[in-house]
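Worksheet for the structure shown next.
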2 protein chains.
Amino acid sequence: MASYHVAPLETLVEQFEKLPGIGHKSAQRLAYHILGISREEAEKFANAIMDAHEKIHYCKVCCNLTDEELCPVCRNNSRDKSTICVVEDPRDVFALERTNEFNATYHVLHGVISPLSGVGPDQLHIKELLARVGDGQIKEVIMATNPTVEGEATAMYISRLLKPMGIRVTRLAYGIPVGGDLEYADEVTLSRAIEGRREL
Amino acid sequence: MASYHVAPLETLVEQFEKLPGIGHKSAQRLAYHILGISREEAEKFANAIMDAHEKIHYCKVCCNLTDEELCPVCRNNSRDKSTICVVEDPRDVFALERTNEFNATYHVLHGVISPLSGVGPDQLHIKELLARVGDGQIKEVIMATNPTVEGEATAMYISRLLKPMGIRVTRLAYGIPVGGDLEYADEVTLSRAIEGRREL
């Protein structure tokens, strides 16, 4: 492409390439798509990016994303404020909300303890969680970090901080996924499923 | 997600979902990525979108994309202006430029004749091509539309307009792709490769 150079197009391709999972070819395709849409559509897109950046911040109670002072869950008076579900990421809140069966509140850590990536407890929103629990209103904290090495370590770390405060700390159940196939379940999951078996 | 609603985030997800090849899950991932980048990075991205839209237009000779009056190929005096290579799309120009062996100029149709999608010859930049050829400077027009039904039909249509003007009209060679495997070549490609065989 040495002889063919259109600066604004290349800048746009570079910007798209920075997005996760978007390679050079896809970035080109997306950039050409942008050239093909109407001026108004392009403006909407550019504004959506800036709006998301300007208007979205952390809920001052649970650290989830919101465009108001409190997130919709913390604002909602019909939610059970005595139970906190601790998750790694705002996307996990969406996943749990989709069950339509969960009525507690959340606390978003925005990461997990990961010494390899240089993330220690201080970079997570653990202080805010301890402050909430310190209020005395909280009866149970459900650790819903991912079932990965880092997620487990983070859950253990936080539970050790909370238990001395007399709080019930629980962990999501491990087991075989509903609709899954025993044949394809890994050994660790299967032994956890046997360990956690329940009366029928 | 009924109970959890962050308007600016949803708007951004919707915008990403409109891009080709981006589904709902990917759009969410991209939107969260945008929230995670710095304010300056977000501004750069938004500006790249608007800049591409404002600054890029068609070269007044070849209809390729450019941010100046003429595209880099048409501006370049060392290019052979007597040969025009007709392509469907600006991306095809990039592909041909990558060969580093092509020294002619281009003409970008911005589409192909496709009655099913309601695209007729008038929606393509064929008039501009005829005007260029009418100058009398052009010796050869190479049809480099894609080897699809629409691409072929467009190549045939344009060649019928150009031949009466006494222009040599050629078509890219069909055959087996270099590095390909005969076993996996389709019948039509193989018979075209046999038809077009050359002395060694």
Side-chain angles (χ1 to χ4, degrees), chain A residues 1-16 18-22 26 28-39 41-56 64-68 71-73 76 79 89-91 93-94 96-98 100 110, chain B residues 1-16 18-22 26 28-39 41-56 64-68 71-73 76 79 89-91 93-94 97-98 100 106 110:
Chain A
M1 267 177 270
S3 67
Y4 204 89
H5 183 81
V6 184
L9 183 61
E10 278 168 30
T11 309
L12 186 57
V13 172
E14 274 163 29
Q15 288 297 328
F16 273 118
K18 286 185 189 167
L19 298 177
I22 306 284
S26 305
Q28 274 192 324
R29 199 165 43 116
L30 296 176
Y32 278 106
H33 173 83
I34 293 293
L35 292 181
I37 63 179
S38 71
R39 172 71 193 257
E41 283 296 314
E43 258 169 19
K44 270 191 210 161
F45 193 8
N47 290 339
I49 291 170
M50 293 317 295
D51 268 9
H53 240 265
E54 276 159 25
K55 295 186 186 159
I56 296 180
N64 196 358
L65 302 173
T66 179
D67 54 342
E68 304 191 36
C71 78
V73 172
N76 187 340
R79 307 283 298 220
D89 195 282
R91 272 167 287 191
V93 173
F94 284 111
L96 287 161
E97 284 296 289
R98 274 201 298 274
N100 279 326
H110 291 282
Chain B
M1 268 177 272
S3 67
Y4 204 91
H5 182 83
V6 183
L9 183 62
E10 279 170 28
T11 310
L12 186 57
V13 172
E14 275 163 29
Q15 289 297 328
F16 273 118
K18 286 185 188 165
L19 298 176
I22 307 284
S26 306
Q28 273 192 324
R29 198 164 46 116
L30 297 176
Y32 278 105
H33 173 83
I34 293 292
L35 291 181
I37 63 180
S38 71
R39 173 70 194 258
E41 283 296 313
E43 256 169 20
K44 269 191 208 159
F45 193 8
N47 289 340
I49 291 170
M50 292 317 296
D51 268 10
H53 241 264
E54 274 159 26
K55 295 186 185 157
I56 296 180
N64 197 357
L65 301 174
T66 179
D67 54 342
E68 303 192 35
C71 79
V73 172
N76 187 340
R79 305 284 299 217
D89 196 281
R91 272 166 287 190
V93 173
F94 284 110
E97 284 295 292
R98 273 201 299 274
N100 279 326
Y106 297 97
H110 291 281

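Convention: sequence-line order gives letters A, B, ...; per-chain numbering from 1.
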I'd like to know which of B/D89, B/L9, B/D51 tops the heavy-atom pair count under 4.5 Å against chain A.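 Most heavy-atom pairs under 4.5 Å with chain A: B/L9.
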Engaged part of [X] at the chain B interface, taking heavy atoms whose separation is under 4.5 Å:
X     : value
A/E14 : neither
A/F45 : both
A/I37 : both
A/L19 : both

Hey, what do you get for [atom1] ([X]) to [atom2] ([Y]), rounding to the nearest 0.5 Å?
X     : Y     : atom1 : atom2 : result
B/K44 : A/L12 : NZ    : CG    : 14.0 Å
A/F16 : B/I49 : CZ    : CD1   : 5.0 Å
B/R91 : A/Q28 : CZ    : CD    : 8.0 Å

Minimal non-hydrogen separation, [X] against [Y], with atom names:
X     : Y     : answer
A/K55 : B/P8  : CB-CG, 3.9 Å
B/P20 : A/L30 : O-CD2, 3.7 Å
B/A52 : A/L35 : O-CD2, 3.5 Å
B/H53 : A/R39 : CE1-N, 3.6 Å
A/K18 : B/H33 : O-NE2, 3.7 Å

Given that the side chain runs from C-beta out, which part of B/E41 has a heavy atom under 4.5 Å from chain A: side chain, backbone, both or neither? both
Give the member of A/E68, A/R29, A/H110 that has the highest number of heavy-atom pairs under 4.5 Å with chain B.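 With the most close heavy-atom pairs to chain B, the winner is A/R29.
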Could you have a look at A/P90, A/A7, A/G36, A/A48 and say which one has the most heavy-atom pairs with chain B under 4.5 angstrom? A/A48
Considering only heavy atoms from C-beta outward, does the side chain of A/N47 approach that of B/T11 to under 4.5 Å? no
